[in-house]
Each structure stands twice: as structure tokens, then as C-alpha cells.
Peer 1: 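Okay, handing you the structure first.
The sequence lines fix the lettering, A, B, ..., with proteins before strands; numbering per chain opens at 1.
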There are 2 protein chains.
Amino acid sequence: MSKTSLTKNQQIVFTALISAKGPLTAYKILDLALVKREGLKAPLTIYRALDGLLEKGMAHRIESLNAFVACSSAPHKEAAGFMICEQCGMTLELPINACEEPLRQQASSTGFHLHKINIEMIGLCSNCGENI
Amino acid sequence: MSKTSLTKNQQIVFTALISAKGPLTAYKILDLALVKREGLKAPLTIYRALDGLLEKGMAHRIESLNAFVACSSAPHKEAAGFMICEQCGMTLELPINACEEPLRQQASSTGFHLHKINIEMIGLCSNCGENI
DNA sequence: TATGTAATGTTATATCATAACATTTATGAT
DNA sequence: ATCATAAATGTTATGATATAACATTACATA
């Protein structure tokens, strides 16, 4: 299966992520009409589809939420950054070019063989933080 | 209770984290002789002590492992970075000064009110990555 | 020492994730 | 086309992580 061709379940889950307003947990995905309608019934089915999408760089896991989002740019899986609103859940994927290099430096200078960088910034989005 | 004075359970859990070789989950902490001996029996007891330590900046949560480490420098809770060996679990807390500023810039430029930055770098430590 | 607050104890349960094994579907060689 | 193989999916059960709700105890201080 090539990098960009999705399996049936991956398509279903990817569509769910694309349609979502924010990050979705596996169980939230499972509850969506869109997904139920297709006959997907077991958590494991969702997790397997998500694993495939992560592997293809087309989705990312938000560790601090145990949730998943569709990749908002060209597929990638080596490095990602997010701003996450702790009030409304809004999550924005960021380009992290500016800080990636110093981090890679730090890793290589200690002999660390880096596979993946994950950056999560928690706070209030401009809407939720308006009146504080 | 002041920032540096720990409650009884917080002391017990903090000692456990300090003594550990790497990150510990709440349930791993609960299983330690050191902790059992003190009479701590319920997961919630551990989570509450951990919450207190996080709040005081004396421990950090490693999101990608659902685990916790003692802070390796002066207590802080606004920003932290880690290198995590996916083979042996070795985890090293990093100074992230170099990349903190560009991230704060990105946040403020979009009106995001930043509370916390968490950076996790996954890979192989110098020991585990020796022969690859 | 009375009083309110923070910390702790206890039980139950919610939420997130994977193991093990069976079956079906897609793919490629002949 | 058809057979062999690997990949994907289905199904059931269970493991691992985290919190809710409420009772009790310890602690600070007026």
C-alpha cells in the first residue's frame, strides 16, 4: 500500500478527522454517525486506522489530549508542533522550523539519535482568552 | 502550604521519582516497596500527590509515556523539554531556552495566550543507538 | 479550642489502549 | 484465471491510565 493510498478504514477515519472541529479521541471517532454508518464497531479498528494514518504522516497524535488530528499540511511524521486551547479544544498545527534546528543540535551533541519531535503549547486561543 | 514544603504523600512520591532510573507511571509508583511501605494504596492517592508536585514545578509529566519525572533543575512548570529513549526509557530534561522564544513569538503573534510549552524528543540514546 | 481549609482515605467507575486469534481482502507470480 | 502470500479487517476479551463522589483526618489560625 503506497504512502498516499488509504485503506477503507483509513479513509473513513481520515474523513472523520478532516470534518472535525478539533482533535478527536479514538472513542469519539467511533461514536460519529459518519463512522458508525460504515460499520466500524470496535476501538481497535479505529486505533489500527489511526496507526496507519500516523505512519503515513497524514494524522498526528496530540499527546496531552490522547487525541488525533488530520495533518494540516503535506504529510509528515518526524516533527510537529501544536497550539492547543485548554478551554475550547481548538488545536492549530504550527510550522516549527525556527526551533527545530537548535533541538536537533542538542540531540546530536549528546549522541541522541532523534526520530521524532513533538511540541505542544497549551493555553488560551485568541477567542477564549479575549477577556482575561 | 508553601511552594517548597511538600505534604507527606508528596514527599513519598517525590522520593520515588528521585530514586527512579527513568519516568514512572502512577501505577509503577504505587507498586514500589518504598511507597507501599508508607501505606499508600490507591491510584488516586498517587495522582493527587503528583498533581501537587506538578503544581509546584517539582515534577513533570512525560505525555508520550503517561509517566512522571522529578524536575532536574530548579522547580518550574511553564516550559520543559525532554529527550526520551524509545528503547531503554532513559529520559533527560533539557534546557529549551534556544527554542522557547520563537515559540512564544508564534503564539503571541496569533493572539494565543500561552500557559505551558512541552517538548518531547523521541529517539535512541547514545547507548542504545550505538550499533545502528 | 473552635472553625474552616487542605489533605488524605476509600470505593467505584470512566476512559484510553492493546492482545490474541479468526476471517476476509488485496496483490503479485505463474 | 488461480493460487499463494501478505495485508487488512473483524471480534472478543482484557489491560492500563485516570477521575468522580463522598467520608474522614490533619492542620493552620483566629
Side-chain angles (χ1 to χ4, degrees), chain A residues 1-17 20 22-32 34-56 58-69 84 86 89 91 118 120 122, chain B residues 1-17 20 22-32 35-56 58-69 84 86 89 118 120 122:
Chain A
M1 181 104 356
S2 86
K3 173 129 188 177
T4 44
S5 90
L6 300 182
T7 70
K8 170 175 152 285
N9 287 356
Q10 284 166 11
Q11 285 171 38
I12 295 167
V13 170
F14 187 64
T15 301
L17 291 179
L24 293 176
T25 67
Y27 283 78
K28 285 267 170 48
I29 293 170
L30 194 55
D31 273 346
L32 294 173
L34 168 64
V35 171
K36 278 203 176 108
R37 180 194 309 151
E38 299 289 342
L40 277 57
K41 292 200 267 266
L44 185 49
T45 304
I46 308 298
Y47 280 107
R48 285 200 281 223
L50 286 168
D51 283 347
L53 292 170
L54 295 179
E55 185 55 35
K56 287 167 181 162
M58 297 179 65
H60 306 298
R61 180 181 165 87
I62 310 293
E63 296 289 354
S64 60
L65 300 176
N66 298 323
F68 302 84
V69 292
I84 303 155
E86 60 197 344
T91 294
N118 187 54
E120 300 187 6
I122 315 296
Chain B
M1 181 104 357
S2 86
K3 172 128 188 176
T4 44
S5 90
L6 300 182
T7 69
K8 171 175 151 285
N9 287 356
Q10 285 167 10
Q11 285 172 39
I12 296 166
V13 170
F14 186 64
T15 302
L17 290 178
L24 293 176
T25 67
Y27 284 79
K28 286 269 169 48
I29 293 169
L30 193 56
D31 273 345
L32 294 172
V35 172
K36 279 204 176 104
R37 180 195 308 151
E38 298 288 342
L40 277 56
K41 291 201 269 265
L44 185 50
T45 304
I46 307 299
Y47 281 108
R48 285 200 281 225
L50 285 167
D51 283 348
L53 292 170
L54 294 178
E55 186 53 36
K56 286 167 184 165
M58 297 179 66
H60 306 298
R61 180 179 166 86
I62 310 293
E63 297 288 354
S64 60
L65 300 176
N66 298 323
F68 302 84
V69 292
I84 302 155
E86 58 198 345
N118 187 55
E120 300 188 7
I122 315 296

Peer 1: Output the single nucleotide from D:dT19, D:dG10, C:dC16 whose closest atom is nearest the side chain of B:Leu44.
Peer 2: D:dT19
Peer 1: Side chain of B:Arg61, heavy atoms from C-beta onward: which of D:dT12, C:dT10, D:dA18 has the nearest atom to it?
Peer 2: D:dA18
Peer 1: Check the distance between C:dA7's P and B:Ile46's CD1 and give it to me in whole angstrom.
Peer 2: 16 Å
Peer 1: Side chain of A:Gln10, backbone of A:Leu50: donor and acceptor closer than 3.5 Å?
Peer 2: no
Peer 1: Between C:dA14 atom P and A:Lys28 atom NZ, what is the distance in whole Å?
Peer 2: 15 Å
Peer 1: Rounded to whole Å, please give me the gap between CG in A:Asp51 and P in D:dA7.
Peer 2: 15 Å
Peer 1: CG of B:Leu30 to CG of B:Leu40: how many Å apart, nearest 0.5 Å?
Peer 2: 7.5 Å
Peer 1: When the distance from OH of A:Tyr47 to C1' of D:dG10 is rounded to whole Å, what number comes out?
Peer 2: 17 Å
Peer 1: Find the distance A:Leu65:CG to C:dT15:P and express it as a whole number of Å.
Peer 2: 15 Å
Peer 1: Please answer whether the main-chain N or O of B:Ser64 pairs with a side-chain N or O of B:Glu120 as donor and acceptor at a distance below 3.5 Å.
Peer 2: yes
Peer 1: Starting at the 5' end of DNA chain D, which residue's closest nucleotide do you reach first, A:Pro43 or A:Glu38?
Peer 2: A:Glu38
Peer 1: Go through the side-chain N and O atoms of B:Asn118 and B:Arg61 and say whether any donor and acceptor fall under 3.5 Å apart.
Peer 2: no
Peer 1: Can you tell which of C:dA7, C:dT10, D:dT12 lies closest to the side chain of B:Thr7?
Peer 2: C:dA7
Peer 1: Nearest whole Å is fine: how far is C:dA7 P from B:Lys56 NZ?
Peer 2: 7 Å
Peer 1: Does B:Asn66 put a side-chain nitrogen or oxygen below 4.0 Å from OP1 or OP2 of D:dA18?
Peer 2: yes
Peer 1: Any side-chain heavy atom of A:Asn9 sitting closer than 4.5 Å to one from A:Ile12?
Peer 2: yes
Peer 1: With both distances kept under 3.5 Å, what pairs with D:dA28, Watson-Crick or G-U wobble?
Peer 2: C:dT3
Peer 1: Considering only D:dG10, D:dA21, C:dC16, which nucleotide approaches the side chain of B:Arg48 most closely?
Peer 2: D:dA21
Peer 1: Could you state the CG-C1' distance from A:Leu30 to C:dT15, rounded to the nearest angstrom?
Peer 2: 13 Å
Peer 1: Could you tell me whether the side chain of A:Tyr27 has a donor or acceptor atom within less than 3.5 Å of a complementary atom in the base of C:dA14?
Peer 2: no
Peer 1: Using atom NZ of A:Lys8 as one end and atom P of C:dT24 as the other, report the distance to the nearest whole Å.
Peer 2: 14 Å
